[in-house]
Amino acid sequence: MNQGKNKKSTNRIRFGLCCIFRQEPIRFRQVTAKTLQRLPRSEQLSRVSEICLHNVQSLYKSLQYVSDNGIGAFRILSPLLPRYTHPQVAYTLDDLPAGELINEEFYKIRKFRQQYDIRLSFHPDQFNVLSSPRPEVIRNTMRELEYQGLLADLVDAEVINLHAGGVYGNKEAALGRLEKNVVKLPESVRSRLAFENDDISFTPADLLPVCKKLKIPMVYDVHHHRCNPDEHTIEEATERVMTTWQDLGREPYFHISSPKNGWLKGSPKPHADFIEPADFPSCWKELRVTVDVEAKAKELAVLKLMEDLKNA
DNA sequence: GCATGTCAAGTTGTG
DNA sequence: CACAACTTGACATGC
């Protein structure tokens, strides 16, 4: 690897891979609650145990892959420990036959992450909604986020990134409920929490005041900002979002993606296989930031974008 | 083997 | 009103 003089504009950017691989033979497994519920408890646990062990081994391989390929961040898919919080089949690592092996693998992951300085994040699924007026939604969200906080402790992840949720006809009221619920989160979650602008409801201009007030950094998704714009230009949003991280002594976090069908034909929201280099904001090129690449071709898209920007 | 329907969970906009 | 979209299809079933 050429680490020195020839790398020009993008050598300060840490690129991130999201969740899974397209070509590299690293896979994560799943199991549904319905399947598990048909089994007696002991078989449930041995089934889940096998899958969890497989998944943490795959996570370790993922970190090896990214560090071998000059990728500096990895987003971990939420169901790493499948159905961990499901009311009917929930379990703890101590319940699993391979619990000890799984814990050893987590230890290896933490060490590897620290040694190679890989930034790890989580992006909990869309049903985690801190702004909901429905108590049961908040309860489920709290339970799921607690699990994400545990996972983050186990792998030494830095960021748990959430959207602000629904509007319910009143943005201010929704953000008010969100603020109230943030305070109730356990420290493992609160200390890692970030809010990301989304493509239908909450823009950077909506979230920045809340983030400033709560001292929670903001993840800036420029694709969402283009789909759901506000009064800020990309340059302004970039600048203001950066301060939410820098005020906390942390590295800013951005997302990039390209529209599957281009900007003109149909909805621009679905993600393309690769990133169109023109979609990469030129004002990002000299920054020391993390940019997660949200593209269907996964690791191939990250490597291609890194190459395209180097040659730009 | 391979095609197809299913899977815990929320909210919004489109056709 | 059904369905897609969202950070991500994988798995179970039936032919």
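The chains referred to below are lettered A, B, ... by the order of the sequence lines, with proteins before strands, and numbering in each begins at 1.
Side chains of A:T244 and A:K215: no donor on one and acceptor on the other come within 3.5 Å.
Considering only side-chain atoms of A:Q30, the nucleotide from C:dC11, B:dT6, C:dA12 that sits closest is C:dC11. Taking every side-chain heavy atom of A:R134 into account, B:dG10 is the closest of B:dA8, B:dG10, C:dT7. Comparing B:dA8, B:dT12, C:dC6 by their closest approach to the side chain of A:A33 singles out B:dA8. Here the side chain of A:S201 is nearest to one of B:dT12, C:dC6, C:dA10, namely B:dT12.
Rounded to whole Å, the separation between the P atoms of C:dT8 and B:dC7 comes to 22 Å. Between C:dA4 and C:dG9, the two C1' atoms lie 15 Å apart (nearest whole Å). Straight-line distance between the P atoms of B:dG10 and C:dA10: roughly 23 Å, to the nearest whole Å. Rounded to a whole angstrom, the distance from the P atom of C:dC3 to that of B:dA9 is 16 Å. When the P atom is compared between C:dA2 and B:dT6, the two are found 15 Å apart, to the nearest whole Å.
Atom CG in A:N228 sits about 12 Å away from atom C1' in B:dG13, given to the nearest Å. Following rounding to the nearest Å, A:E146 (CD) and B:dA9 (C1') show an atom-to-atom distance of 16 Å. Look at NZ on A:K260: it is 16 Å from C1' on C:dT7, rounded to the nearest Å. Distance, A:N128 CG to B:dT11 C1': 13 Å, rounded to whole Å. A:R29 has its CZ atom 12 Å from the P atom of C:dA10, to the nearest Å. When the P atom of B:dG13 is taken as reference, atom OH of A:Y168 falls 12 Å away, rounded to whole Å. Rounded to whole angstrom, the span from the CG atom of A:D125 across to the P atom of C:dA10 amounts to 14 Å. Rounded to whole angstrom, the span from the CD atom of A:Q126 across to the C1' atom of B:dT12 amounts to 12 Å.
Across all strands shown, A:H271 has heavy atoms under 4.0 Å from sugar-phosphate atoms exclusively, and none from any base. Among the atoms of the strands shown, none is found under 4.0 Å from any heavy atom of A:H223. Residue-level contact check: A:R38 touches the backbone only, with heavy atoms under 4.0 Å from sugar-phosphate atoms and none from bases.
Checked against side-chain hydrogen bond (donor to acceptor under 3.5 Å, both in side chains), A:R226 has no partners two or more places apart in sequence or in another chain. For A:W245, there are no side-chain hydrogen bond (donor to acceptor under 3.5 Å, both in side chains) partners, not counting sequence neighbours. Residues that satisfy the side chain to side chain contact (heavy atoms under 4.5 Å, CB included) test with A:T238, not counting sequence neighbours, are A:Y220, A:I234, A:M242, A:F254, A:C283, A:W284, A:L287.
Contact between A:L45 and A:L96 at its shortest, heavy atoms only, is O-CD2, 3.7 Å.
Taking the six-membered ring for Trp, A:H271 and A:H255 have ring centres at least 6.0 Å apart.
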#### Entry: Bracket string, DNA chain C, 5' to 3' - pairs by Watson-Crick or G-U geometry under 3.5 Å, | interstrand
||||||..|||||||
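Using a 4.0 Å cutoff on non-hydrogen atoms, the parts of residues 73-91 of chain A near DNA chain B are A:R83, A:T85, A:H86, A:P87, ordered by number.
Dashed line: the shortest gap from a side-chain N or O of A:K298 to OP1 or OP2 of C:dT7 is not under 4.0 Å. Contact annotation: A:H163 reaches the phosphate of C:dT7 (side-chain N/O to OP1 or OP2, under 4.0 Å).
Ion pairing between a basic and an acidic side chain is recognised when a charged N comes within 4.0 Å of a carboxylate O; A:E187 and A:R190 show no such pairing. Using a 4.0 Å cut-off between charged side-chain N and carboxylate O, A:R14 and A:E251 make a salt bridge. Using a 4.0 Å cut-off between charged nitrogen and carboxylate oxygen, A:D156 and A:R113 count as a salt-bridge pair.
Toward the 5′ end of DNA chain B lies the nearest nucleotide of A:R143, the other residue of the pair A:P133 and A:R143 mapping further downstream.
Note on A:Y65: it clusters hydrophobically with A:F15, by side-chain heavy-atom contacts below 4.5 Å among ILVMFWY residues.
Listed by chain and number, the hydrophobic cluster partners of A:L300 are A:F274, where partners are ILVMFWY side chains within reach of under 4.5 Å, directly or through others.
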